[in-house]
Chemist: 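My structure is below; once you've seen it, I'll send some questions.
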Amino acid sequence: MSEPVALPLTPSGLRPQPQRRNARSNRARILATARQELGRNPDVTLEELAQAAGVVRRTLFGHFPGRAALLEALAEEAAEAIRGAVAAGAERVAGPPEQALAHHVFGMWPIGDRYRLLLALARRDLGAERVAVILAPARDAVRSVLERGRREGVFHSPLPPAALSAALEAMTLALLETVNTGELVDDGTQVAVATLISAGVPRPRASAVVAEVAPVARPAVG
């Protein structure tokens, strides 16, 4: 039987202990609360976040020593979610362009709030360049699909792919706002249809494509 591997000593000479379950739970709750509260008010203070998360100020600062550390954690969390969604949909995005675009919408819609939060924070906290790096996988995937769809005569928008991609992103963010205000309830279906129509796919074809894609895409996002 092999001997257990000893954890390396810290500079103080003590061996690090595994993070306690409640500490992990506190950290996750703080991040979830921060996503929600910052989405509503980018100027919310750390003290207000601690109160909303149901933890004392010392607990929040124990995980995140300042606002910059908290925002960077949120940014990395969003980056991981976006990379995961793009990677999970890579095989499906290789299909017909209109189906690929619909799959992309279904894959990104559940993490849309994180996407929206990043863009809101880019204006004053994270910096546009940092946010652009995080969003690059999603933006590159959409632009690639739009370019292919244009070459194949599937997307008939007069806008070039880069401009169309930016317009579709802006539309999606606006629709996420209407979800937050209760004006829209959607699992991604209506947004996918609207996205295809905006890309230049006739409405009957857009609806048919989304109806075909939805049963496959929804389990992946649910």
Side-chain angles (χ1 to χ4, degrees), residues 4-88 107-139 169-170 172-188 191 221-222:
V5 178
L7 293 173
L9 294 175
T10 65
S12 63
L14 299 176
R15 299 191 186 280
Q17 296 298 316
Q19 189 178 33
R20 293 176 301 172
R21 182 178 301 175
N22 65 334
R24 293 195 300 268
S25 175
N26 283 340
R27 187 180 192 278
R29 186 164 66 253
I30 291 167
L31 287 174
T33 301
R35 285 198 306 271
Q36 183 178 28
E37 297 299 321
L38 284 166
R40 286 199 290 255
N41 175 20
D43 295 318
V44 66
T45 67
L46 295 183
E47 289 76 9
E48 290 169 335
L49 285 176
Q51 184 176 9
V55 299
V56 298
R57 184 175 182 273
R58 184 176 62 183
T59 298
L60 187 147
F61 278 89
H63 290 286
F64 308 105
R67 181 181 175 89
L70 174 61
L71 297 182
E72 183 54 36
L74 287 169
E76 186 50 43
E77 183 187 60
E80 183 178 352
I82 290 169
R83 289 193 300 266
V86 171
M108 296 300 296
W109 185 248
I111 61 174
D113 271 338
R114 300 180 190 184
Y115 206 106
R116 182 175 62 88
L117 175 62
L118 279 175
L119 293 177
L121 295 176
R123 289 190 286 269
R124 51 163 288 174
D125 290 296
L126 297 173
E129 291 185 2
R130 172 75 170 116
V131 172
V133 170
I134 294 171
L135 300 182
R139 289 173 169 172
E169 181 178 279
T172 301
L173 293 171
L175 291 172
L176 281 166
E177 291 289 353
T178 67
V179 170
N180 290 335
T181 59
E183 298 171 88
L184 174 67
V185 177
D186 189 34
D187 61 357
V191 176
V221 303

Chemist: Working to the nearest 0.5 Å, report the span between OG1 of Thr33 and CD of Glu48.
Modeler: 13.0 Å
Chemist: Run the numbers on Ile82 and Leu135 for side-chain contact (heavy atoms from CB on, under 4.5 Å), then give the verdict.
Modeler: CA-CA 7 Å; Ile82 290 169; Leu135 300 182; 3.5 Å; yes
Chemist: Might you point out which heavy atoms bring Val55 and Arg29 nearest each other, and give the distance in Å?
Modeler: CG1-NH2, 3.5 Å
Chemist: Any side-chain heavy-atom pair from Thr172 and Trp109 closer than 4.5 angstrom?
Modeler: yes
Chemist: Any chance you could measure Ile111, atom CD1, to Glu77, atom CD, to the nearest 0.5 Å?
Modeler: 10.5 Å
Chemist: For Ala85 versus Gly107, what's the shortest heavy-atom pair and its separation?
Modeler: CB-O, 3.8 Å
Chemist: Would the number of heavy atoms belonging to other residues, nucleotides or ligands and lying under 6.0 Å from CD of Glu129 be above 12?
Modeler: no
Chemist: Is any side-chain heavy atom of Leu38 closer than 4.5 Å to one of Leu71?
Modeler: yes
Chemist: So, do Leu70 and Leu31 sit near enough that their side-chain heavy atoms are less than 4.5 Å apart?
Modeler: yes
Chemist: If you round to the nearest 0.5 Å, how far is OG1 of Thr178 from CG of Leu173?
Modeler: 11.0 Å
Chemist: Within a reach of under 6.0 Å around CZ of Arg58, are more than 12 heavy atoms found that belong to other residues, nucleotides or ligands?
Modeler: no
Chemist: Output the distance between atom CD (Gln51) and atom CG (Leu60), rounded to the nearest 0.5 Å.
Modeler: 12.0 Å
Chemist: Determine whether Asp125 and Arg67 make a side-chain contact, defined as any pair of heavy atoms from C-beta on separated by less than 4.5 Å.
Modeler: yes
Chemist: Please report the closest heavy-atom contact between Arg130 and Ala75, naming both atoms and the distance.
Modeler: NH2-CB, 4.2 Å
Chemist: Output the distance between atom CD1 (Ile134) and atom CD (Glu80), rounded to the nearest 0.5 Å.
Modeler: 12.0 Å
Chemist: How far does CG of Leu74 sit from CG of Leu126, to the nearest 0.5 angstrom?
Modeler: 8.5 Å
Chemist: Please tell me if the side chains of Phe64 and Arg27 come closer than 4.5 Å, counting only heavy atoms from C-beta onward.
Modeler: yes
Chemist: Under the side chain to side chain donor-acceptor pair (under 3.5 Å) rule, collect the residues that match up with Glu76, sequence neighbours excluded.
Modeler: Arg83
Chemist: My understanding is that only residues two or more places apart in sequence, or in another chain, count here; which of them pass side chain to side chain donor-acceptor pair (under 3.5 Å) with Glu169?
Modeler: Tyr115, Arg139
Chemist: Donor-acceptor pair, distance only, cut-off 3.5 Å: does the side chain of Arg57 make one with the backbone of Glu47?
Modeler: no
Chemist: Compare all side-chain heavy atoms of Asp186 with those of Leu175 and state whether any distance is below 4.5 angstrom.
Modeler: no
